[in-house]
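Below is one structure, written out as structure tokens; the observations come after it.
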Amino acid sequence: MAILGIPILEDKYPVTMDMWPLEAKEFNRVHQFYENLKAGKFTTTRCRTCGHVAYPPRVICPECYSDELEWVELPKRGRVINFTEEVRGVPLGFESPLIHAWIDLGEGSPIKRILSRVINCPVGKLKEGSEVQLVVFEVPSHPIEVKGGEMRWAERVFFAFEPVEK
Amino acid sequence: MARRACIIAGGMCKWGVREASLVDMVQEAAKECLEDIPGLKPKDIDGFLFASSYAGRCSFQVNTAPVMAERLGLKPTSICARVDVLCAGGSTGILLAKGLVESGMADIVMVAGGEKLYTPQKWEVFYSELASIDHDWDAPHGLGLPPPFFALIAKEHMKHYGTTKEQMAWVSVTNYNYGSENPKAQFQKKLTLEEALGAPPVVPPLTLYDCCPITDGAAAVIIAEESRAKDLTDRPLVYIRGGAQASLHSVSANWPGEHLADWAHLRVAAKRAYESAGVGPEDIDVAQTHDCFSISQIIEVEELGFCKKGEGGSFIESGQTRIGGKIPLNTDGGLLSCGHPFGATGIRQAIEIMRQLQGRARFQVEGAEIGLTHNLSGLNVEHTIVIYGREPK
Ligand SMILES: [Zn+2]
């Protein structure tokens, strides 16, 4: 079967239309976040100058504009404050059911709440107060031109949460 | 004497699923806009602001302002720029035009906006929504399409304040009723409470009529300096009294409220907008709130100060947002009925408020002197308010 699409783009991967972040260090100064995810750690940046912890991670401290930042771990477990379950009309790139939860990461966490997709979870299982935990998964690689038109494939991961109780 | 900005004319094309391109629709809207003010010619317009957020993705066109100005026969000499604030782009353009006119930089500015969202394949617009929120931190969670987030907001409002699905349905029924007689609206449909309550689910608790549709459309208004406005029209002048735009966060994890039904960023924007216009919520005679979802309007009437926090549902159910009630809202049908071509929405709202204050609206609020428009934009990350009045501040 012929490849459908814009003829001059045949066999091309349009990275600028990618639904996942460009995580590779050549394109992203917080690529360490994704390296940490690969090691099972949920992290963000803390300012060495004023101590402020910001999420998402960044290159400067949003409080004092210092660029002396370090990586710190965030809790990998939280409790569901509220949630939604989308069964029909799930957007391209996601599977039904598409479940979202507003998650309380606990008093000890510098980041109190996070809105995340919940996976590995059937409709009807999640409740207010359910305990959820971080889950890291692979997402598709994308090509990066290296030299002479050669391609290197950048491997990627992303995260969601899942019920603790299977 | 201080220079003051007035809104003196407006027009829009038919909104809905259009067999037309973005540049086509902007021309239709501009034509209707200039027909609204027969003394004004394209050559008299010295500034042009164009609000559009999806032109880059859905029309493969960036730097859209000169492209549109050329099609419209405009030769701007004070400003020619695009405004990208998604759902609030049009209102932002109006606030910027006010500043340009009052500073003396511009005299007569056209603020236009539009989006072409029905692409040959529907998935492309839905997929492009991944660009409408923080691409790296919220979009990968599947939050590009707004219903899940607003469903979560609705559940939180129900939990904290006892808001009911029936109260949400009353928002849709009321707004659809006004839109049913608006020929430019995407839907001309009288909606009953039974139909609204029996509609198919989108993301529970949201059902079909709780959600505004995907819409093609464009709209345009003219913002002019007061003395030029007086030369051009015999209609009552409508002044842009003030406004504000607040952005306290972008990534959902940094939500500024106590919970998701607590819209602290809207309260901040409202306080500043009222101060800048020298009025309070009790002075507003007619308003346009951003009813992208029924639950949005319920929370907006609370945070804008039209009723107490938590009472938005009963306020709307009891008819207080209809004509004759405390604060008539969305008297042209709102987003729910007119549709929502993002950059054009704030301009449509401005046209309805201008007509209300000039006494020529389809559903007229008798004696309306002060009006307000409100937009939320993105994944509820920014709030924009414009306040208009028959008298200057
Ligand atoms: Zn710092």
Side-chain angles (χ1 to χ4, degrees), chain A residues 6 16-23 27-28 30-31 33-34 44 54-58 62 74 80-105 109-119 123 128 137 139 156-161, chain B residues 56-57 60 121-160 200-208 211 214 249-261 295 379-380:
Chain A
I6 301 163
T16 57
M17 279 195 69
D18 205 311
M19 61 184 279
W20 304 104
L22 300 190
E23 300 173 3
F27 294 94
N28 196 331
V30 299
H31 78 280
F33 174 84
Y34 305 101
T44 194
Y55 178 90
R58 49 200 89 192
L74 293 171
V80 171
I81 300 168
N82 218 328
F83 64 97
T84 57
E85 298 168 323
E86 181 173 15
V87 176
R88 297 193 314 172
V90 170
L92 196 65
F94 298 93
E95 287 167 4
S96 176
L98 177 57
I99 298 177
H100 290 102
W102 185 233
I103 297 164
D104 184 349
L105 291 178
S109 173
I111 307 307
K112 299 287 175 250
R113 290 169 299 228
I114 191 165
L115 181 55
S116 172
R117 182 157 69 116
V118 175
I119 62 172
V123 169
E128 283 181 29
F137 49 89
V139 300
R156 292 185 290 184
V157 293
F158 206 71
F159 70 95
F161 282 74
Chain B
R57 266 295 179 209
F60 212 158
Q121 306 173 98
K122 243 184 186 174
W123 68 262
E124 292 202 47
V125 67
F126 293 139
Y127 191 80
S128 295
E129 297 240 12
L130 293 169
S132 69
I133 61 174
D134 192 298
H135 179 276
D136 285 4
W137 299 97
D138 278 332
H141 289 292
L143 289 163
L145 289 169
F149 189 57
F150 283 86
L152 202 45
I153 286 170
K155 286 182 81 172
E156 283 284 278
H157 205 271
M158 289 168 155
K159 181 166 89 181
H160 288 277
V202 176
V203 181
L206 303 178
T207 54
L208 184 64
C211 311
I214 301 280
H249 79 297
S250 167
V251 172
S252 60
N254 296 325
W255 178 261
E258 290 294 311
H259 50 73
L260 293 178
I295 187 64
L379 199 63
N380 204 338

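Below, all heavy atoms of this structure are taken into account, side chains as well, without hydrogens, waters or symmetry copies. First the proteins, then the strands, lettered A, B, ... as listed; each starts at 1.
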Legend entry - chain B contacts, top residue of R88(A), E23(A), H100(A) (heavy-atom pairs, under 4.5 Å): H100(A)

Legend entry - Shortest non-hydrogen separation from A160(A) to H141(B) and the atoms involved: CA-CE1, 4.4 Å

Inset, instruction - Measure Y55(A) against the heavy atoms of chain B and call it side chain, backbone, both or neither at under 4.5 Å. - result: both

Inset, instruction - Calculate, to the nearest 0.5 Å, the distance between atoms NE2 and NZ belonging to H259(B) and K159(B) respectively. - result: 9.0 Å

Inset, instruction - Kindly say whether S250(B) contributes a backbone atom to a donor-acceptor pair with the side chain of D134(B) at under 3.5 angstrom? - result: no

Legend entry - Interface residue of largest heavy-atom contact number with chain A, from A139(B), A151(B), P148(B), under 4.5 Å: P148(B)

Legend entry - Sub-6.0 Å ring centroid separation between F33(A) and W137(B): yes

Inset, instruction - Answer with side chain, backbone, both or neither: which region of L98(A) has an atom nearer than 4.5 Å to a non-hydrogen atom of chain B? - result: side chain

Legend entry - Heavy-atom proximity to chain B below 4.5 Å, by part of I81(A): both

Inset, instruction - Side chain from CB out, backbone as N, CA, C, O: work out which of these in P205(B) comes under 4.5 Å of a heavy atom of chain A, or both, or neither. - result: neither

Legend entry - Proximal component of L143(B), with respect to chain A [non-hydrogen, under 4.5 Å]: both

Inset, instruction - Report the option among S116(A), P91(A), A101(A), G93(A) that has the most heavy-atom pairs separated by less than 4.5 Å from atoms of chain B. - result: S116(A)

Legend entry - Under 4.5 Å from any heavy atom of chain A - which part of L145(B): side chain

Legend entry - Y127(B) versus chain A, the contacting section by heavy-atom distance below 4.5 Å: side chain

Inset, instruction - Would you confirm whether K155(B), through its side chain, and F83(A), through its main-chain N or O, come within 3.5 Å as a donor-acceptor pair? - result: yes

Legend entry - Main-chain N/O of P21(A) paired with R156(A) side-chain donor or acceptor, under 3.5 Å: yes

Inset, instruction - Indicate yes or no for a side-chain donor-acceptor contact from N28(A) to the backbone of L22(A) under 3.5 Å, with no hydrogens or angles considered. - result: yes

